[in-house]
Amino acid sequence: MNAVPQSLRVGADIGGTFTDLVFVCPDGVIHKRKVPTTPADYSLAITRGVADFCAGNGYSPARIEEIVHATTVATNAILERRGARTALLTTEGFRDVLELRRIRIPMSYDLDWQKPTPLVEREWRLGIGERLDEHGNVLTPLDMESLRDATEKLRQDGIEAVAVCFLHSYRNGAHEKAVGDYLAAQLPDLYVSLSHDVLPEILEFERTSTTVVNAYVAPLIARYLKTLRNRCDELGSKAPILVMQSNGGLISATVAGAKPVTIIESGPAAGVIAAARLARDCGYADVITLDMGGTTTKASIIEQGEILRATEYEVGSAVSISSRLMRGNGYVLRIPVIDISEVGAGGGSIAAIDAGGSLRVGPRSAGAMPGPACYGQGNEYPTVTDANLVLGYLNDDSLAGGSLSIHRGLAEQAVAAYIAAKSDLSLLEAAYGVHLIANSNMVRAIKSVSVERGRDPGDFALMVFGGAGAIHAVGVARELGIKRVIVPPAPGVFSAFGLLRADVEQHAARTVLTSTANPELDKVNDIIDEMHDELTRVLVKEGYAASRVSTASFADLRYRGQSSEITVPLDELPLTARGLRAVEQRFENEFEKTYGHRSPHKQFELVTVRLVASVSRHAEHSGGWAADAGGDGMARERMAYFGSRHGHRSTRVLRRAELAAQAWPGPMIVQEYDTSVVVPPNCSVSLDVHGNIVIEIGHEAIDD
């Protein structure tokens, strides 16, 4: 058993409606808090929640050992187009790469579709005289006169950040480095993002897009993290701040401020990390995760204990499913990420009848302010939360253990006026329709990470978390043929808990582009060694001993002639011809699993090698969760509606601890501080030895 921590550790995850906080106390007991998110200053919700917890439990903020944080600040800046005033310096003649993009149209039948507006306006995309060939050899030396002219324009136009992306700089970054040094001397307050530092990989558009996004959000992220640091200092806490990356590893706030592109999807990643650790601890090898919060729902997949990962995704589109077949709506980021699909179906998603008379849910959201109609903060439109309240799935008068008052009457008015009255449905039928449409949206998200990758969802268990996930879990699982739902302890703050279980990680990648039939193995191994030394230096600089650093290596392979790759592990280093044959076999196995066939073409290309360096924090917890406060006066039964087949019926309401190990038949609602677990008829529910709620789903046709 691990030693009990001697000081307070804090996990903080900012969501669209609530900011979730988890506290690991000196006695090992874990406490949770949900506080309203403060969009005007996201750091305020964190420090208020920390201050309230410390004051209420007799802790000094000076005892906080660390604050581990996930944030949506960068994502929101892109969605709302309020990043820094950014310029792009690129090889002369190539300034429109950012606008030409890839020929990807997400919906080919949508004649009104327009590609996203570039984050850098054309007048600030400036060509610099220089040119390298595809091997990194200099064809045209760097033209200092054009650089001086560009620098003067940056100065006059008040540019805050600049991305530098030269042709073939992934092979040779000398010209970019010279530009970076010159800009640092001439404009010391300017943030400079160099593509050979951000993404030293082939693919010109992807490298340019990633570097531009990094520059666009960097000043904002730096200011935000500085504000959070100052607020913590004012509380009396000098604890270091660690930030979750999109790949599931932690970095210091200093590194996050310097390379913010790595933290854009940090919150969803934390939930998957927590799910993977819990699945391993409980013996569930194959799990699909469903994380439903106030604004969006995220889905991911864990197969044989391993998280499914990707090397590219899009950010900044109107919230839609993150499908490989639905690209083109957002800004491309080519960085290592946990493969997460996202859809606009959260508790705050607004429901409406469209012009054709169809019921729609999302992607528009009521957010934290004003929130669902039942919050009584000025929103009159019905949301998923309002529908669930009308159906009887939520406590009638408050959420989050009584910290947020809600009003059932306002929810009924919203659903009646905007759904029932416009569709000739009863109030309960209208609310149930909203519930089912939300389920359908989530099913699509799960299919994009499972079916599209050749996996049958029915072979997996569904692990649900987020404040609203357990309300919709069984309906979603039934549509996918999933037989078991797992609801972990503290599901409403599960992502915040995942922050405290993550390890510190640094990632590196280099393009090598060599045929596996006649590979340059010495060169490839030298590059892997260089990445190992580079990442170890970074982690040592962050205060970790070199002896604690462990590494894992990967390779991007493709059939020769193709333009996309699949990433597979490199188990043996240094890489040998025999080891390369094993890598080819792994690639073909994964290719067949994903696409349903193997190519008869047996020539392969090794495109990119990747390295992950990690430091385990041994952040396991021997203590359990603190009991939910209050609940003595909780109603033990309430009326709940389960569709036309089962109707409106009296439903037992229990606490998690009351389930024990016996199997209880549905219908039932398990009410907790941070969520409600809905167990419909024809299901059974029990508590396993790890404290998870396990729902076994009986066969039943999908409700109308």
Side-chain angles (χ1 to χ4, degrees), residues 200-202 245-249 269 272-273 275-277 279-280 285-287 300-313 324 334-340 449-450 453-455 502-517 519-521 523-536 539 549-559 562 564-595 598-599 602 604-616:
E201 295 184 41
I202 198 171
Q245 301 176 84
S246 306
N247 56 46
V272 180
I273 291 296
R277 296 290 183 92
R280 180 200 64 194
D286 299 316
V287 170
S300 191
I301 190 169
I302 299 163
E303 187 174 37
Q304 293 301 304
E306 295 295 325
I307 294 170
L308 205 62
R309 300 180 183 271
T311 58
E312 180 181 307
Y313 73 107
R324 291 172 295 116
R334 191 167 176 82
I335 58 173
V337 295
I338 294 176
D339 195 6
I340 296 172
V449 295
S450 57
R453 287 185 170 272
R455 277 74 170 177
D503 293 329
V504 173
E505 285 187 3
Q506 289 284 343
H507 290 237
R510 298 286 187 276
T511 291
V512 293
L513 196 59
T514 182
S515 167
T516 61
E520 302 174 89
L521 286 177
K523 181 178 178 181
V524 172
N525 284 318
D526 286 345
I527 289 173
I528 293 174
D529 289 341
E530 289 172 7
M531 290 192 295
H532 179 278
D533 293 343
E534 172 192 331
L535 295 185
T536 300
L539 290 169
V549 177
S550 60
T551 59
S553 53
F554 303 86
D556 293 0
L557 261 72
R558 66 188 182 194
Y559 286 116
Q562 290 190 330
S564 59
E565 304 84 43
I566 290 177
T567 303
V568 295
L570 286 176
D571 287 340
E572 296 182 11
L573 292 177
L575 188 60
T576 62
R578 181 176 63 86
L580 206 49
R581 301 291 84 78
V583 173
E584 291 172 348
Q585 184 63 44
R586 279 194 207 98
F587 164 79
E588 288 208 282
N589 291 342
E590 184 61 30
F591 190 95
E592 183 176 29
K593 186 181 290 185
T594 302
Y595 299 107
R598 294 187 184 215
S599 173
K602 296 299 180 183
F604 308 90
E605 285 182 321
L606 173 58
V607 180
T608 301
V609 288
R610 303 180 182 277
L611 198 72
V612 180
S614 60
V615 176
S616 175

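Here the structure is a predicted model, which means the values were calculated and not measured.
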### Query
Given side chains that start at C-beta, do those of Gln245 and Val337 come closer than 4.5 Å, heavy atoms only?
no
### Task
Measure across Pro200 and Ala509 and return the closest heavy-atom pair with its distance rounded to 0.1 Å.
CG-O, 3.2 Å
### Query
Looking at side-chain heavy atoms only, is the closest gap between Val512 and Glu520 below 4.5 Å?
no
### Task
Evaluate salt bridge (charged side-chain N to carboxylate O under 4.0 Å, His left out) for Asp526 paired with Arg510, printing each intermediate quantity in order.
CA-CA 11 Å; Asp526 286 345; Arg510 298 286 187 276; over 6 Å; no
### Task
Please examine the side chains of Lys593 and Glu303, heavy atoms only from C-beta on, and report whether any two atoms are closer than 4.5 Å.
yes
### Query
Are side-chain heavy atoms of Val609 and Met531 found at a separation under 4.5 Å?
yes
### Query
Glu201 versus Arg610: any side-chain heavy-atom pair under 4.5 Å?
yes
### Message
Tell me the closest heavy-atom pair linking His507 and Pro336, and the distance in Å.
### Response
ND1-CG, 3.6 Å
#### Entry: Contacts of Ser553 that satisfy side chain to side chain donor-acceptor pair (under 3.5 Å) - sequence neighbours left out
none
### Query
Taking side chain as C-beta onward, heavy atoms only, is Leu575 less than 4.5 Å from Leu570?
yes
### Message
Using only atom types and a distance under 3.5 Å, with no angle test, would you say the side chain of Asp339 pairs donor to acceptor with the backbone of Ala310?
### Response
no
### Message
Contact between Arg581 and Thr516 at the side-chain level, heavy atoms closer than 4.5 Å - yes or no?
### Response
yes
#### Entry: Test item: Asp286 side-chain N/O and Gln304 main-chain N/O as donor-acceptor pair under 3.5 Å
yes
### Query
Is the shortest side-chain N to carboxylate O distance from Lys602 to Glu584 below 4.0 Å?
no
### Side-chain donor or acceptor of Thr511 paired with backbone N/O of Ile202 under 3.5 Å
yes
### Query
Counting distance only, does the side-chain N/O of Arg586 pair as donor-acceptor with the main-chain N or O of Pro569 below 3.5 Å?
yes
#### Entry: Partners passing side chain to side chain donor-acceptor pair (under 3.5 Å) against Glu605 (at least two apart in sequence or in another chain)
Arg558
### Query
Counting only N and O atoms by type, is there a donor-acceptor contact under 3.5 Å from the side chain of Arg598 to the main-chain atoms of Phe591?
no
### Query
Is the shortest heavy-atom distance from the side chain of Phe554 to the side chain of Thr311 under 4.5 Å?
no
### Query
Quick one: side-chain contact (heavy atoms from CB on, under 4.5 Å) partners of Glu572, sequence neighbours excluded?
Arg578
